[in-house]
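Right, one structure below, let's go through it.
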Amino acid sequence: MLRELIAPWAPAVMRHLEGWAEVAGEDVRDAASRVARRLAMLLVAAVAALVAFLMLCAWVLVLAWDTPWRAWVAGGLALVFALLAAGLAWPVLRGGARPEDAFFSRIRAEFGRDRELFQRSFNGEGRAAANGGDHAGG
């Protein structure tokens, strides 16, 4: 009895699961690509900034070397480095709230649509159309 009820639905459920897997695969590829691009850009920016500031620090230390302020200059440069590192890392680490940056957005949308369809079919809204519009009292 139960087998006869489930058998007609099995191919459709399998195709649906296959579609979910395909959409999830696309989301994984997009997410990996987005993460790789961000990490590469962040790495290049960090290396370039480090080289530029090391050269700037060396130049400032050379200027201040024969003065009594050389220790303060070195400390100030260290503070600048720390503030700059925090300022550059903040946008990346805090996480953006942009919807296009959300991982697995397509699979979330598909799950939302499926949940809506399941709710409608279990609440009887789908049966009226399948039965030609007549409502059997139940």
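Everything numeric here is computed off the predicted structure, so don't read it as measured data. In what follows, residues are counted from 1 in the order of the sequence shown.
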Fill in the blank from the handout: Connected to Leu79, directly or through other members, by ILVMFWY side-chain contacts below 4.5 Å are Leu83

Problem - Non-neighbouring partners of Glu22 that pass side-chain contact (heavy atoms from CB on, under 4.5 Å), sequence neighbours left out - result: Glu26

Problem - Ala64 to Thr67 - nearest heavy-atom pair and separation - result: O-OG1, 2.7 Å

Can you get from [X] to [Y] by hopping between Ile, Leu, Val, Met, Phe, Trp and Tyr side chains that sit under 4.5 Å apart?
X	Y	result
Leu56	Leu50	yes
Leu43	Val35	no
Val47	Val80	no

In Å and rounded to the nearest 0.5 Å, what is the [atom1] to [atom2] distance from [X] to [Y]?
X	Y	atom1	atom2	answer
Arg70	Leu63	CZ	CG	14.0 Å
Gln119	Asn123	CD	CG	7.0 Å
Leu54	Trp59	CG	CH2	15.5 Å
Leu88	Leu42	CG	CG	8.5 Å
Arg34	Arg38	CZ	CZ	7.5 Å
Leu77	Leu84	CG	CG	12.0 Å

Practice task
Report yes if some heavy atom in the side chain of Asp114 is under 4.5 Å from a heavy atom in the side chain of Trp20; otherwise report no.
Solution key: yes

Problem - Ser33 side chain vs Asp30 backbone, donor-acceptor pair below 3.5 Å - result: no

